[in-house]
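See below for the structure under consideration.
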Amino acid sequence: MKPHLQDLLRAALNAACAELGAAAPAANIVIDATKDKVHGDFASNLAMVCAKGLGQPPRKFAEALVRHLPASPRVAKVEIAGPGFINFFLTGDALSALLPEILAAGETWGQDRSGAKGKVMVEFVSANPTGPMHVGHGRGAAYGDTLANLLAATGYAVHREYYINDAGRQVDVLTVSVWLRYLEAGGETLSFPKRGYPADYIRRSAESIRAAHGAAFQRPAADLYRDLAPEPQLPEGADDKTKDAIKLQQEAYLDRLIERARALLGGEGYAQITRAALDDQLAVIRATLAAFHVRFDQWYSERALVESGFAKTAIERLHTAGYVYEKDGAQWLKTSDYGDEKDRVLFKADGAATYFANDLAYHVDKLDRGYPLLVDVWGADHHGYIARVRAAIEMLTQRKDALHVALMQFVTLSSGRMGKRSGNFVTLQDLIDEVGADATRFFYLARSHDQHLEFDIDLARSQSNDNPVYYVQYAHARICSVFRQLAEKGGTYDRDAGLAALARLDTEEEKNLLTVLGKYPELLQIAAGNRTPHTLAFYVQDLAAALHAYYNQHKFLIDDAELQNARLVLIEATRTVLRGALGLLGVEPKDSM
RNA sequence: GCGCCCGUAGCUCAGUCGGAUAGAGCAACUGCCUUCUAAGCAGUCGGUCGGGGGUUCGAUUCCCUCCGGGCGCGCCA
């Protein structure tokens, strides 16, 4: 509808300017859906935008535009209002014309599945495989999954990927933590290191290793602690400076335990525990994401990236291009040439790669795989990391727009509900178990991602009219119920007869529902283009509200067969759009409540 | 100190490219079930859009500044 009105206005603009003997301004013509029906269906500010340049009063120029506006069967009335707005009132035919389109296209109506906009890689979640996901990861999961759906629905060929951080020191900490719990379970008495991972899930990992390997990794505690200085302890009431110093010493102690573990277990034994521990944690993560209806095309291992040698090869490329230099024994990347506040270390003085080096190599691989557009979904605590990755990507591509980072602001749980279940936090799995996948997803998505989110667990789990996700699902269920009732009464639905009688849809509620349906295609473009899935979550609530208002005011199963068929066409189309939108949100439409 | 996100109704939050009288849900109050599901509908109440300047036909929106909250500023990951 908008392009049609733009065409009309453009013609009017040319004619009106010709009359004035002036060149038509090159302004792009803005058409907005009105907030208030007294202003019609669509409005344009064109007269006010052009007035100054043409030396005309806005309202007078608006009159000239309206005078030159070509007639259109879709436009019932045009008015000038306020400081010079041009308001369009559409005919009923123009509104109902989208119903046959919706029914013909089905749930993908309004979507473009062609992939013609090219390939895009969406990397999201990528939670460390050292424990279960928490409620913050859930937000990135819901956001990333729905954003990927939206991009796929608006012409992109989308690849969804999870980067597994299964290399680096954290994996050694995981390995040692599991092994120490394993030793404890085997009867050894030891003091668990302060900086290890103490949680219950570590114990369960240790138990499953014992189930698979028996006592193969059992060693005496005496060997573990031989010639090892005891772990420094934090004194009561220490100041921050002291605390930091002690923490560093405790980390160093943990490093010594890691070395001792390698020595006592041998390379192969140590690696077996690492693999088992990682597999355990990843299995939990995969299960949670499956329960959350989040799907990935690929799980990409950092460890594999390093072991294949590509991590080094990729950095070599930057070296060859002249972006890498040596200082203080370390290899640095000149990210400050591309907007970062300082240069960053790729290889430490001891030769080890930094996390940044591997992550950068990973992004090089993404580009090598032919993705001109990369979307990374990160937690807000990583925002200080954006500049360096962006700088590196710009070095590689000479483009500023190749990488888009979407930051998820923090999630807190509603007061009084910060209970500890698995270790020292509420896991995403806990939340899904308690609230359900649909409500959890909807609550995450019904908030702008750059807004701090307070997750109201009590509201989300309430099976009541307070809960917006039920409100939307109820709208869908009500439509299903109408068709069930029709069948029970032995009635028939003649869609073609309904399509032929759309002119009968002339009540206020019907026009409003049609107006909301008509906004859907453009809304998908906006939600995908701005990367704001929450606008879709708001839309389905608007659509449900329009349906409920209609349902409450009018009956669908009536004696007037023609009108009944027309109304059934309208609610069938509404159900179709609801299903399409809920599908993108990853929320299940329910046939009954 | 510097950088990023944020500040909108009692609460939780929308507000697209600068547009008309700033919206929704919850809470409070009033109506509506003999009728396709009341997990619903209709209405009332509720605002210095954090404060102050600036830009212009017009600012919640853009710029400056101050106040308040969160996060980040490693040869950690």
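What you are looking at is a predicted structure, and each value in this text was computed from that prediction instead of being measured. Reminder, nothing fancy here: chain letters follow the sequence lines and each chain counts from 1. The analysis underlying the following values was restricted to heavy atoms, covering all of them including side chains, and did not include hydrogens, waters or symmetry mates.
A donor-acceptor pair shorter than 3.5 Å can be found between the side chains of A:Y325 and A:D343. Judged by distance alone, the side chains of A:H452 and A:R447 never bring a donor and an acceptor atom under 3.5 Å apart.
For A:N552, the side-chain atoms get nearest to B:rG40 when compared with the rest of B:rC13, B:rG40, B:rC75. Side-chain proximity of A:H382 to B:rG40, B:rA39, B:rA77: nearest is B:rA77. Taking every side-chain heavy atom of A:H383 into account, B:rG3 is the closest of B:rG3, B:rC36, B:rA39. Relative to the side chain of A:D381, the nucleotides B:rG72, B:rA39, B:rU35 differ in distance, and B:rG72 lies closest.
In this structure, A:E341 places its CD atom 11 Å from C1' of B:rC4, rounding to the nearest Å. Taking atom CD1 of residue A:I80 and atom P of nucleotide B:rC57, one finds them 21 Å apart after rounding to whole Å.
Considering only residues two or more places apart in sequence or on other chains, A:Y300 meets the ring pair (Phe, Tyr, Trp, His ring centres under 6.0 Å) condition with A:Y362. Partners of A:E394 according to the side chain to side chain donor-acceptor pair (under 3.5 Å) rule, which considers only residues two or more places apart in sequence or in another chain, are A:K400.
Pair assignment for B:rG7: B:rC67, on the basis of Watson-Crick or G-U wobble contacts that are both within less than 3.5 Å. Checking B:rG72 for Watson-Crick or G-U wobble geometry (two distances, each under 3.5 Å) identifies B:rC2 as its partner. When Watson-Crick and G-U wobble pairs are counted only if both distances are under 3.5 Å, B:rG58 pairs with no nucleotide at all. The base-pairing partner of B:rC41, taking Watson-Crick or G-U wobble contacts with both distances under 3.5 Å, is B:rG31. Pair assignment for B:rG47: none, as no Watson-Crick or G-U wobble contacts are both less than 3.5 Å.
Look at A:Y471 and you'll find a side-chain N or O under 4.0 angstrom from OP1 or OP2 of B:rC41. Put simply, A:K342 has a side-chain N or O that comes within less than 4.0 Å of OP1 or OP2 on B:rC75.
Toward the 5' end of RNA chain B, the nearer of the two residues A:S592 and A:F356, judged by each one's closest nucleotide, is A:S592.
Side-chain N or O atoms of A:D438 include one that pairs as donor or acceptor with a backbone N or O of A:E588 at under 3.5 Å.
In this structure, A:Y143 has its ring center no closer than 6.0 Å to that of A:Y444. Between A:Y323 and A:H319, the distance separating the two ring centers is not shorter than 6.0 angstrom.
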With sugar-phosphate taken as primed atoms, P, OP1 and OP2 and all else as base, the protein-contact string of nucleotides 14-23 of chain B at under 4.0 Å (heavy atoms; B, S, -) is SSBB-BB---
